[in-house]
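Notes to accompany the following structure.
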Amino acid sequence: MKVDVTVPELAESITEAVVGAWLKQQGDQVEEGEQLVDIETDKVILEITAPQSGQLVSISKQTSDEVQSNEVLAVIDTGKRGSKSSAASAKSSTEAVAPPAKDVAPASAAASVSAVPEASPEPAKPPPSKTSPAVRKLAAEHGVNLQDVESTGKGGRVTKEDVKAHIRAMETEAEAEAKVVPIPDTTPATEPSPVSRPDSQERGSRQLRRVPMTALRKSIARRLVSAQKQSAMLTTFNEVNMENVMELRKIYKQEFEKSHGVKLGFMSFFIKAVIDALKAFPIINASVEGDDIVYHEYFDIGVAVSTERGLIVPVIRDADRLSFARIESSIVDFASRARENKVTLEELTGGTFTITNGGVFGSMMSTPIINPPQSAILGMHAIQNRPIAHDGEIRIAPMMYLALSYDHRIIDGKEAVQFLVHAKNIIEDPVRLLLQA
């Protein structure tokens, strides 16, 4: 019986899905549940496994092909189970037919051959243990054969750090080879080349390296350009004194981590402050659909997470109902699974408002771009000690710039500014959040 291997049902928000590298080839035997190929969407990487055991008799979609929901990728013949690959079968057949050497060679020849033992072929290096899609993607982009990489992971698993170390070693070796100056040809040239550069060895080479965009990067590019074209985006700024939040964290940090098993970060404070401000200004939590304004009576807050493949925005559902500990646990879980490409499509769709923290990379100020179909996004930035005026005196305080980008089609400047001031006031007086809990 032949069974189709198909693309799973993709969410409506998925704009593109591309076939990644095939781990099995046509004619190979596959086992039920064994990974065959990756499908790279503009949000996550999906691992496609064999629905049943059998022989992979055909592959209809090749690497880099664009695919849609339920499209057929390959076909498995379940009636052809148990047979090994053609190479393995040929090897076993040869071993069965070939007569022993002592029956073919004369005694004298056998004696002479035994004096010089035949060199045994070097055993093939076993393939690496199962690797994550991120590891395979990194290896493919740099032309690295995973079988050549020294593994340090558990059970022989090749990690991303192993691949990066291998890439660095390759680059070092290439640089060393480039520095070897060849022996000059003593034969006089009949005519000097017009593009010859006598000092090229000293100045080094000017090389280009072209790498195709991933599906996620292409999607990010399209969505950002689309967001700027389809919305009247403006940004308003303010600054917040983080002194009280930092003091509160310092007091309860150890007790919080001991009780809940997770650290108390700044993001939970900002999510709580944003939700309070969204309740006061519901238009910020709305979106545009045609000529209608859709007000969301719930608070699904997206938190931007940076990965090797690009930025993704997992969504914390009903964040207004969650405690500080639940919010922090959700953020840690998303960040951990995002690095391993294990965030699901459902977890990346349906947010009503987004928070992004460029401060973790050192950004002082930026204008974040709205994540459609949302109408606003809050940008956090680095905390820096700066002189401020307080009660008629100048003193040093830990300050953070905040930026709110918003869609001016439905949000007026007055509402945007008041929203940002509302959130700022709550952060500067965080005890109000604890009294609400």
Worksheet entry | Step-by-step side chain to side chain contact (heavy atoms under 4.5 Å, CB included) determination, Glu428 to Glu243 | CA-CA 7 Å; Glu428 292 185 338; Glu243 196 169 34; over 6 Å; no
Practice prompt. Check the pair Asp28, Gln55 against side chain to side chain donor-acceptor pair (under 3.5 Å), reporting the backbone distance first and the verdict last.
Written response: CA-CA 6 Å; Asp28 287 353; Gln55 187 182 62; over 6 Å; no
Discussion item. If you apply the rule side chain to side chain contact (heavy atoms under 4.5 Å, CB included), what do you find for Ile59 with Val75, and how did you get there?
Written reply: CA-CA 7 Å; Ile59 295 177; Val75 176; over 6 Å; no
Practice prompt. Apply the test side chain to side chain contact (heavy atoms under 4.5 Å, CB included) to residues Asp407 and Ile370: give CA-CA distance (whole Å), side-chain angles for both, the deciding distance (0.1 Å), then the verdict.
Written response: CA-CA 8 Å; Asp407 190 345; Ile370 298 168; 4.1 Å; yes
Discussion item. Does Val149 form a side chain to side chain contact (heavy atoms under 4.5 Å, CB included) with Val144? I'd like the steps, not just the answer.
Written reply: CA-CA 8 Å; Val149 179; Val144 173; 3.5 Å; yes
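Asp65 places a side-chain N or O within 3.5 Å of a backbone atom of Gln62 that can act as its donor or acceptor partner. When atom types are taken as modelled, the side chain of Asp4 and the backbone of Thr6 share no donor-acceptor pair closer than 3.5 angstrom. No side-chain donor-acceptor contact under 3.5 Å links Glu340 to the backbone of Arg337. Put simply, the side chain of Ser405 gets close to the backbone of Pro368: a donor and an acceptor are under 3.5 Å apart. A side-chain donor-acceptor contact under 3.5 Å links Glu34 to the backbone of Glu31. Panel note: side chain His408, backbone Ile411; a donor-acceptor pair is recorded below 3.5 Å. At distances below 3.5 Å, at least one donor-acceptor pair connects side-chain atoms of Ser330 with backbone N or O atoms of Arg326. At least one donor-acceptor pair under 3.5 Å links the side chain of Thr349 to the backbone N or O of Glu346. Checked by atom type and distance alone, the side chain of Thr235 never pairs as donor or acceptor with a backbone atom of Thr367 at under 3.5 Å. Gln418 places no side-chain N or O within donor-acceptor distance of the main-chain N or O of Glu415, the cut-off being under 3.5 Å.
Counting all heavy atoms, side chain and backbone alike, Val5 lies closest to Thr49 at CG1-O, 4.4 Å. When all heavy atoms of Pro430 and Asn244 are compared, the pair lying nearest together is CD-CB, 3.7 Å. Smallest separation of non-hydrogen atoms from Thr63 and Gly20: OG1-O, 3.0 Å. Between Val72 and Ser60, the closest heavy-atom pair is O-OG, 2.8 Å. Between Met246 and Ile383, the shortest heavy-atom distance links the atoms SD-CG2, 4.4 Å. Nearest heavy atoms, Ala325 versus Val262: O-CG1, 4.1 Å.
Note that Arg386 lies in the cation-pi zone of Tyr401, set by a 6.0 Å cut-off to the ring centre and a 45° limit from the axis.
With respect to Lys61 and Glu66, no salt bridge is recorded, no charged nitrogen being found less than 4.0 Å from a carboxylate O. The residues Asp77 and Lys2 are annotated as not salt-bridged, no charged nitrogen and carboxylate oxygen being separated by less than 4.0 angstrom.
Here Leu404 contributes atom CG and Lys424 contributes atom NZ; the two are 14.5 Å apart, rounded to the nearest 0.5 Å. Summarising the geometry, atom CD1 belonging to Ile327 is positioned 10.5 Å from atom CZ belonging to Phe269; distances are rounded to the nearest 0.5 Å. To the nearest 0.5 angstrom, Leu420 atom CG is 11.0 Å from Glu239 atom CD. To the nearest 0.5 Å, atom CG of residue Leu433 and atom CD1 of residue Ile275 are 10.0 Å apart. Note that CG of Asn341 is 11.5 Å distant from CZ of Arg339, once rounded to the nearest 0.5 Å. With rounding to the nearest 0.5 Å, the separation of CE in Met365 from CZ in Phe237 is 5.5 Å.
Aromatic ring centres of Phe256 and Phe324: separated by at least 6.0 Å. For Phe353 and Phe419, the distance between ring centers is under 6.0 angstrom.
More than 12 non-hydrogen atoms from other residues, nucleotides or ligands lie less than 6.0 angstrom from CD1 of Ile251. The neighbour count for Gln254 CD, taken as heavy atoms of other residues, nucleotides or ligands under 6.0 Å away, does not exceed 12. For Lys342, the NZ atom counts as loosely surrounded, since its 6.0 Å shell holds 12 or fewer non-hydrogen atoms of other residues, nucleotides or ligands. The environment of Arg321 atom CZ is sparse: at most 12 non-hydrogen atoms of other residues, nucleotides or ligands sit within 6.0 angstrom. In the displayed structure, Tyr252 atom OH is contacted under 6.0 Å by at most 12 heavy atoms of other residues, nucleotides or ligands.
Thr307 places none of its side-chain heavy atoms less than 4.5 Å from the side chain of Val343. Residues Val315 and Ile301 form no side-chain contact, since every pair of their non-hydrogen atoms from C-beta on lies 4.5 Å or further apart. Residues Leu36 and Val30 are in side-chain contact: their nearest non-hydrogen atoms beyond the backbone lie under 4.5 Å apart. In this structure, Phe334 and Val303 have side chains that are not in contact, with every pair of non-hydrogen atoms separated by 4.5 Å or more. Looking only at side-chain heavy atoms (C-beta outward), Ile48 and Gln35 stay at 4.5 Å or farther from each other.
Side-chain contact of Gln26 with Ser58: a donor-acceptor pair under 3.5 Å is absent, judged by distance alone. There is a side-chain donor-acceptor pair under 3.5 Å between Ser366 and His381. Looking at Ser53 and Glu32, their side chains never bring a donor and an acceptor atom within 3.5 Å of each other. Of the N and O atoms on the side chains of Asn285 and Thr352, at least one donor lies less than 3.5 Å from an acceptor on the other residue. Judged purely by distance below 3.5 Å, without hydrogens or angles, the side chains of Asp276 and His422 pair a donor atom with an acceptor atom.
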